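Just so it is clear, the model here is predicted, and its values are computed rather than measured. Lettering of chains follows the sequences in order, A, B, ..., and the numbering in each one begins at 1.
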Amino acid sequence: MAQKVDYDALKRGGFMRQRQRGRFSLRLHVVGGSLSSDDLVAIGEVAERFGNGTVHLTSRQGVEIPFVRLEDVEAIRQALGEHGLRPGVCGPRVRTVTACQGNVVCPSASIDCQDIARKLDERYYGVELPHKFKFGVTGCRNNCLKAEENDCGIKGAVAVEWQEDACISCGLCERVCRDGALAIEGGRVVVDYDRCTNCGRCAKVCPVGAWNEQAGYAVSFGGQYGNFPQVGRDLAPFVQSEEELFALTDAAIEWFRDNGKPGVRLGTLLDREGWDDFEATLKEAVHE
Amino acid sequence: MSEIVADERVDITDVVCPVTFVKVKVALEEIGQGQVLEVLLNDGEPVQNVPRSLRDEGHRVRGLSDNGDGTYTLLVEKGAD
């Protein structure tokens, strides 16, 4: 008797059915697009041994090994496991957390994106939800990682405060501000915090360090690509601590788990049924 | 700020990044710690990068003023090596 193939279980485990009968593209668990050189060698070996010797880099920093066979699933899991690698996930759950290199590498970034990505991954990766849910973490407002295309986008933000004592009144900060939030009045820098978007350009350009900077997170929700592309909304423009950040993401995930509908992304759902309850839930989470 | 007198002067309005910074560094080699170099630099990318890069390298920016003609005048005091 032919064994019945549970495609959903395989998909949950990162094995995606190919056009070619009996062949699967194996998605690997990758966080923030970071892999060690040892990982890469091991992936190459698995692709050589079980696939067709090619590797596909996905649109969201993932790695897939195509053309693996169903009967090799266990052997592949074991071969990957020996190198500390494992299959990824697909389907209605929390997907690959993407991230830029963050402030460990990039001079523009104000947060450690890789660290945040690893923590998000530990907290949520593979969690079952009504539909797919994606996180993306980017280090600054340059937004290389495209935060707002994710169900939850996290972006480095900087709260600034002018320090009169150190200022030499050169005016560079006012010049580089893209939000029209700075004005120089009688040698003093006046900040319009209603206009400030916490990009931190003023502090970065300052040649005398006349700004106090505090790093935080700008968090958006409801972004997506796929069939109905839309940009996520900045529902939390400045979250100060990591603790608050995770309180916010916990609340969002729980809300979506409880209120979501199969096959409907967060953004589509909110547009259809209203943002108020979701926004109130988030507010409550950070004010607890 | 006006009382700061420069010991040397360099014009970097005739070069582009990264030569702007290199030219300033070469000029700083010619003066001693605590002495002041006056730099004439263009608005835009040079004025946004050169002063803060000098600060990152341990020099002290003493003044920066807009000349109103698309250039800035920077006064930088040489720091310790």
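Among the residues in residues 207-217 of chain A, those with a non-hydrogen atom closer than 4.5 angstrom to a non-hydrogen atom of chain B are A:Pro207, A:Val208, A:Gly209. Contact annotation for residues 144-158 of chain A against chain B (heavy-atom separation below 4.5 Å): no residues qualify. Within residues 172-182 of chain A, the residues having any heavy atom under 4.5 Å from a heavy atom of chain B are, by residue number, A:Leu172, A:Arg175, A:Val176.
For a residue to count as touching a neighbouring chain, one of its non-hydrogen atoms must lie under 4.5 Å from one of that chain's; by this rule B:Asp43 touches chain A with the side chain only.
Taking both residues in full, the closest heavy atoms of A:Arg201 and B:Gln48 are given as NH2-OE1, 4.1 Å, listed atom of the first, atom of the second, then distance.
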Using distance only, find each side-chain donor-acceptor pair of residues 12-20 of chain B under 3.5 Å and give its atom names and separation, not counting sequence neighbours.
| residue | atom | partner | partner atom | Å |
| --- | --- | --- | --- | --- |
| B:Thr13 | OG1 | B:Asp11 | OD1 | 2.6 |
| B:Thr13 | OG1 | B:Asp11 | OD2 | 3.4 |
| B:Asp14 | OD1 | B:Lys23 | NZ | 3.0 |
| B:Asp14 | OD2 | B:Lys23 | NZ | 3.3 |

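In this structure, the separation between CG on B:Leu75 and SG on A:Cys170 is 12.0 Å, given to the nearest 0.5 Å.
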